[in-house]
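Structure first, then comments.
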Amino acid sequence: MTHPPEASRPAPPVVPPVFYKGIRYEQDLDSAQHGGDPLSGYLMATDTTNGARLWILKIYQVAPQNIPGLPTFNRYFKRLSLVPDRDALAIEDEAGTRYLVDLSRRAVTIVSPPPAPAPETKPLPTPE
């Protein structure tokens, strides 16, 4: 009995675009088609009046694992929101790293790194 192939990576999270001052901001899931690195995370700005791509900005770099037999997966945005009272967007990626994007300067700042992994726990020895 054969089984159909399964995806080795879940689909990207559904993250609604942000509309601000006539521009639509969202993750560019097609960045490799526009000169970007296919593994890294890019923010794309699109003019809402004509649909023209205005620019893309690399938010983070995903380094290849270089481990034979193990693919390197891209990392998606998990959250995207406008920062109140600022020309800025807040982005959180799947690893939990948070970024602040200054839209007027197109500058990215890491606000907080990903959470540290939980320490490995070992079972307690049983008394004899």
Side-chain angles (χ1 to χ4, degrees):
M1 179 169 166
T2 62
H3 297 285
E6 294 180 21
S8 57
R9 168 107 173 59
V14 176
V15 178
V18 169
F19 294 87
Y20 179 64
K21 294 185 176 179
I23 299 175
R24 174 185 172 123
Y25 297 97
E26 62 192 318
Q27 182 167 11
D28 187 352
L29 298 176
D30 230 4
S31 60
Q33 300 296 321
H34 306 99
D37 169 6
L39 294 176
S40 299
Y42 289 85
L43 177 68
M44 176 174 60
T46 306
D47 187 317
T48 58
T49 58
N50 61 17
R53 174 186 293 266
L54 300 173
W55 49 265
I56 63 171
L57 176 66
K58 185 185 279 188
I59 304 301
Y60 50 82
Q61 174 77 34
V62 176
Q65 290 187 37
N66 293 328
I67 301 172
L70 289 178
T72 301
F73 292 110
N74 50 354
R75 198 165 59 229
Y76 299 114
F77 292 4
K78 187 166 84 175
R79 288 188 184 82
L80 173 65
S81 61
L82 188 62
V83 177
D85 301 321
R86 293 178 69 179
D87 278 346
L89 294 173
I91 297 173
E92 182 178 355
D93 68 21
E94 290 178 303
T97 306
R98 291 190 215 150
Y99 308 87
L100 181 69
V101 178
D102 180 320
L103 295 173
S104 60
R105 296 184 308 124
R106 295 187 201 158
V108 180
T109 304
I110 295 176
V111 176
S112 65
E120 188 177 320
T121 59
K122 296 181 182 177
L124 296 172
T126 56
E128 293 184 28

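The list of salt bridge (charged side-chain N to carboxylate O under 4.0 Å, His left out) pairs with a residue in residues 43-52, not counting sequence neighbours, is empty.
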Using the side-chain contact (heavy atoms from CB on, under 4.5 Å) rule, take Leu89 and Leu82 through it: C-alpha gap first, then chi angles, then the decisive distance, then the call. CA-CA 5 Å; Leu89 294 173; Leu82 188 62; 3.9 Å; yes
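You'll find the side chain of Ile91 stays beyond 4.5 Å of the side chain of Asp93, heavy atoms only.
Remark: Phe77 engages no residue in a ring pair (Phe, Tyr, Trp, His ring centres under 6.0 Å) (not counting sequence neighbours). Taking the side-chain contact (heavy atoms from CB on, under 4.5 Å) definition, one finds that Glu92 meets it with Lys78, Arg79, Arg98, sequence neighbours left out. With sequence neighbours excluded, no residue satisfies salt bridge (charged side-chain N to carboxylate O under 4.0 Å, His left out) with Arg86. Scored by the side-chain hydrogen bond (donor to acceptor under 3.5 Å, both in side chains) test, Tyr25 finds no partners at all (sequence neighbours excluded). Every residue two or more places apart in sequence or in another chain that forms a side-chain contact (heavy atoms from CB on, under 4.5 Å) with Gln33 is listed here: Asp30. Residues satisfying the side-chain hydrogen bond (donor to acceptor under 3.5 Å, both in side chains) test with Glu26, not counting sequence neighbours, are Arg24.
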Solution key, residues 12-23 side-chain donor-acceptor pairs under 3.5 Å, sequence neighbours excluded:
from: Tyr20; atom 1: OH; to: Asp87; atom 2: OD1; distance (Å): 2.1
from: Lys21; atom 1: NZ; to: Asp87; atom 2: OD1; distance (Å): 3.3

Just list the side-chain donor-acceptor pairs under 3.5 Å for residues 104-113, sequence neighbours left out, or say none.
from: Ser104; atom 1: OG; to: Asp102; atom 2: OD1; distance (Å): 2.7
from: Arg105; atom 1: NE; to: Asp102; atom 2: OD2; distance (Å): 3.2

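Of all heavy-atom pairs spanning Ser31 and Ser40, the tightest one is OG-O, 4.5 Å. Residues Tyr60 and Tyr76 come closest through the heavy atom pair OH-C, 3.5 Å.
Hydrophobic clustering, with ILVMFWY side chains joined whenever heavy atoms are under 4.5 angstrom apart, keeps Tyr99 apart from Val83. Under the 4.5 Å side-chain heavy-atom criterion for ILVMFWY residues, no single connected hydrophobic cluster contains both Tyr42 and Leu80.
The neighbour count for Asp85 CG, taken as heavy atoms of other residues, nucleotides or ligands under 6.0 Å away, does not exceed 12.
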